Amino acid sequence: MKIGEQGISLNKPSTVEQMPEEGDDIWFLNNIISAGDRIVAAATRKVVKEKESRKKDVQRVNLAIQIKVETVSYEKDAATLRLRGKSIAEDNLSPATRRKKLPSDVHVSRDASKNPDLAVLLMHEGLAHFFLVGGILTTTKFRIQTAIPRKHADSGYEAALNKFFESVLPGVTRHVDFKVVRCLVIDSPGFRKVQFRKYMLEEAEGQLLQPILENKSQILVAHSSSGYKHSMKDVLEDPKIMEMITDAKAAKEVLALKNFNAMLTKEESRTCYGLKHVEIANEQQATQTLLITECALQ
């Protein structure tokens, strides 16, 4: 999510310019846009002009439509957000802007998307995804993919691998602030993670990259099944990583879910799920831990 101009004031109408870049950004917007908000976003309209020859000339015109939101619907599988409301104004094309009155600092902290607990680099052959894991969402900061030939003599394998590492390192150094994140985790199947950590430390010594040199102990390696985002669960379930971020929100959520699954297997009578059964347990004040999925909030 790119954040543009913003004017945020508590208990006053505030504006934030936001530009979604991936599916997770749409989910994020779904959680902060509500009825009554004023949204300005790009749209197209058909303009029909009648010529003297009675032929119709149809053109598409780019506009910025401002609406007052009445309902919000989110389609998870298609990563689509539909906003329904009354059109307030039309203008020339402009970035998407949100205007609302902020009753507390909740929306402010969500918009800022700052202070991540964990930096994660997921890798496999020729592919790297870099993420920052915060209190409310995981943000993809960059993705790099390049072709690497198979490891044969004179295949150019080593040169291609070194070039791949060379393209990944600047992104990592740009996005990792060791004063903020608890640790940087490099994950991959096989030995790629170990190779990249060694490369990074060698480059840090040659280029005098002090933040890396001073925080070697915070740069960890762990196993993941692939270099794609779904492998993030491997990171958050690794005991060594959990130890580093034990008081972080993401770690607490993973631990709570793990405990629920363990109890469901060993003591099923102590667990319940589904709206009806959870409501009954709550009425009887028999709830120790309550987990709510995003789907339950739709």
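Values below: every heavy atom of this structure, side chains too, minus hydrogens, waters and symmetry copies. This structure is a prediction, so every number in the text was calculated from the model and none was measured.
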d(Leu184 CG, Leu220 CG) to nearest 0.5 Å is 8.0 Å
- Query: Do the side chain of Lys193 and the main chain of Ser188 share a donor and acceptor less than 3.5 angstrom apart?
  - Reply: yes
Open item on the list: Is there a continuous path of hydrophobic side-chain contacts, each under 4.5 Å between heavy atoms, that joins Ile212 to Val194?
Closed with: no
Q. Within the distance-only criterion (no hydrogens, no angle test), does the side chain of Gln218 pair as donor or acceptor with the backbone N or O of Arg182 below 3.5 angstrom?
A. yes
**Message:** Using modelled atom types and a 3.5 Å cut-off, is there a donor and acceptor pairing between side-chain atoms of Asp37 and backbone atoms of Ser34?
**Reply:** yes
Residues passing the side-chain contact (heavy atoms from CB on, under 4.5 Å) test with Glu279, sequence neighbours excluded, are Leu275
Please report, to 0.1 Å, the donor-acceptor pairs under 3.5 Å made by any side chain of residues 164-178, with sequence neighbours excluded.
residue, atom, partner, partner atom, Å
Ser167, OG, Phe164, O, 2.7
Thr173, OG1, Leu169, O, 3.3
Thr173, OG1, Pro170, O, 2.9
Asp177, OD1, Lys179, N, 3.0

Here the gap from Leu201 atom CG to Phe196 atom CZ, rounded to the nearest 0.5 Å, amounts to 9.5 Å
Across all chains, not counting sequence neighbours, the ring pair (Phe, Tyr, Trp, His ring centres under 6.0 Å) partners of Tyr273 are none
So CD1 of Ile148 and CG of Leu161: to nearest 0.5 Å the spacing works out to 5.0 Å
**Prompt:** Quick one: does Leu118's side chain get under 4.5 Å of Cys183's, heavy atoms only?
**Reply:** yes
Contacts satisfying side chain to side chain donor-acceptor pair (under 3.5 Å) that involve residues 199-214 (not counting sequence neighbours) are Glu203-Gln207, Gln210-Glu214
Across all chains, not counting sequence neighbours, the salt bridge (Lys or Arg N to Asp or Glu O under 4.0 Å) partners of Arg82 are Glu75
>> Contact between Phe191 and Val221 at the side-chain level, heavy atoms closer than 4.5 Å - yes or no?
In response: no
d(Thr287 OG1, Ile280 CD1) to nearest 0.5 Å is 11.0 Å
Heavy-atom nearest pair, Glu70 first then Lys86, reads OE2-CG, 3.4 Å
Taken to the nearest 0.5 Å, the spacing of His129 NE2 from Asp187 CG works out to 13.5 Å
Sidechain-backbone polar pair: Thr140 side chain, Phe142 backbone, donor-acceptor under 3.5 Å = no
To the nearest 0.5 Å, atom CG of Asn282 lies from atom NE2 of His277 at 14.5 Å
Heavy-atom closest pair (Leu132 atom, Ala119 atom, distance to 0.1 Å) is CD2-CB, 3.9 Å
message: What verdict does the side chain to side chain contact (heavy atoms under 4.5 Å, CB included) test give for Val72 and Leu83, after you've listed the backbone C-alpha separation in whole Å, the side-chain angles of each residue and the deciding distance to 0.1 Å?
response: CA-CA 5 Å; Val72 181; Leu83 308 176; 3.8 Å; yes
Checklist entry - Where the side chain of Ser225 meets the backbone of Ser231, is there a donor-acceptor pair that is under 3.5 Å apart? => result no
Are Gln145 and Leu127 side-chain neighbours, meaning at least one heavy-atom pair lies under 4.5 Å? yes
Polar side-chain atom of His124 near backbone of Gly227 as donor-acceptor pair, under 3.5 Å: yes
| said: Are Thr271 and Phe260 packed together at the side-chain level, in the sense that at least one heavy-atom pair is separated by less than 4.5 angstrom? | reply: yes
Taken in chain and number order and not counting sequence neighbours, the residues that satisfy side chain to side chain donor-acceptor pair (under 3.5 Å) with Glu267 are Arg270
